[in-house]
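As the structure lists them, so they are numbered: ligands from 1, and atoms in each ligand from 1. Note that the coordinates shown come from a computational prediction; the quantities given were computed from them, not determined experimentally.
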Amino acid sequence: MSEHSFATRAIHAGQAPDPVTGAIIPPIYQASTHVQDGIGGLREGFEYNRSGNPTRSSLETQLAALEGGASALSFASGLSAEDALLRGLLGPGDHVLLGNDVYGGTYRLLTKVLAKWGITTTTVELADADAIRAALRPETKIVWLETPSNPLLKIVDIAQIAEIAHAAGAVLVVDNTFASPALQLPLSLGADLVVHSTTKYLGGHSDVLGGAVVFGDDRFREDVKFQQFAVGAVSAPLDAWLTTRGIKTLAVRMRQHSENAQAIAEWASDRADFSEVFYPGLAAHSGHEIAAKQMSGFGGMLSLGLAAGADAARTFAESTELFQLAESLGGVESLIGYPSDMTHASVRGTALAVPENVVRLSVGIEDVGDLIADLEQALARLGR
Ligand SMILES: *Cc1c(COP(=O)(O)O)cnc(C)c1O
């Protein structure tokens with residue numbers, strides 16, 4: 001598969017027709033156990049489904065092929081994937097260095113759950129290479145980054161941070177949820193591991209929760225796989241199948257998400273209603289050059305600062321009709337959120353707080369003219 005290009009791999013990797021019936025789509029293996037041909041005589045290694053399921057295996061093959069990884073594991077959610085990765089790689093006394101704008105759930109997992117087991121965590125401004133070097137410690141095992149970040153779409157240089165992390169003997173993990181492998185391949189830029197909330201762009205249809213760890217090589221697979229097997233946060237067969245189905249259209253969806261978001265960012269840049277437009281596809285964005293170097297498109301996420309302030313931002317977020325007010329992102333339908341009180345409510349009042357005049361858009365793949373008209377009618381309501 002690796003000789004084929006991305007869009008082809010997304011459709012064919014791990015997706016051979018059913019050898020028994022010729023069904024073009026591999027079936028959903030909705031089973032908890034597999035019959036053995038004599039004691040220990042496993043077929044294709046399948047035994048009990050906490051350790052493996054054929055539908056999940058298909059998805060894992062597909063995920064590894066997309067990210068250019070050696071292998072992948074599929075989980076019940078993005079956070080359970082992160083949890084297994086962290087417990088697989090870390091022990092008491094180890095330190096994790098996080099970007100200061102990582103997903104709030106990642107920060108919560110480390111500081112509220114794993115801290116009890118002796119893991120320490122600090123955050124750092126990842127755009128500042130000297131600050132990263134200063135924050136690294138002998139016991140730092142993992143550097144963890146997200147780019148573009150949530151919700152201000154900050155961009156950091158994956159290759160540069162990989163070099164800094166490796167020089168200190170740490171492993172680089174990239175949460176590639178926002179870009180998706182259609183736009184950015186962290187393993188090819190020096191990252192050791194990639195994690196995903198497949199709930200977002202990979203699933204792509206807001207109908208399934210899931211997560212993944214993709215391994216650049218074989219160093220960590222058995223440790224993480226053991227955590228998954230011993231604890232059990234596996235993706236269910238139907239969930240794995242839905243994710244596989246979503247992934248087949250990832251390349252074409254990401255192209256349209258990016259095109260629509262770029263058009264909305266340019267529309268918003270021309271309007272005095274917005275004091276800031278956070279979108280890496282704009283030449284004025286501080287991370288535009290790095291994004292252009294390490295991404296093949298700028299993605300579907302963008303944030304807007306309302307010039308009229310916090311109340312206007314709240315009213316705006318409650319006034320759109322096509323953009324539905326909801327948490328999450330990455331589906332075909334457009335969503336709007338008010339990070340201060342929604343996704344980022346837990347960091348209000350801290351250094352990680354999001355400005356209160358900011359709304360976040362997950363731009364879907366509807367007709368972009370309709371989307372802009374929706375934003376215009378919501379702006380018109382602010383005047384009332
Ligand atoms: C949603 C999300 C997660 C968590 O994934 P779940 O599937 O909700 O558990 C992690 N990282 C990022 C960037 C996310 O957007």
Side chain to side chain donor-acceptor pair (under 3.5 Å) between Arg56 and Asn49, intermediate numbers included
CA-CA 9 Å; Arg56 201 159 88 228; Asn49 279 240; 5.5 Å; no
Does this structure show an ion pair linking Glu125 with Lys154, if we count only N-O contacts that are shorter than 4.0 Å?
yes
Between His34 and Glu44: side-chain donor-acceptor atoms closer than 3.5 Å:
no
Nearest heavy-atom pair of Ser275 and Asn357: which atoms, and what distance?
OG-ND2, 3.5 Å
Are Arg314 and Glu356 close enough for a salt bridge, meaning some N to O gap below 4.0 Å?
no
Are Glu321 and Arg381 ion-paired here, with the side-chain N under 4.0 Å from a carboxylate O?
yes
Dump the pairs for me: ligand 1 N or O, protein N or O, distance under 3.5 Å, to 0.1 Å.
unit_1, atom_1, unit_2, atom_2, d
ligand 1, 5 (O), Ser197, OG, 3.0
ligand 1, 7 (O), Gly78, N, 2.9
ligand 1, 7 (O), Ser197, OG, 2.8
ligand 1, 7 (O), Thr199, OG1, 2.8
ligand 1, 9 (O), Gly78, N, 3.0
ligand 1, 9 (O), Leu79, N, 2.9
ligand 1, 11 (N), Asp175, OD2, 2.7
ligand 1, 15 (O), Lys200, NZ, 2.8

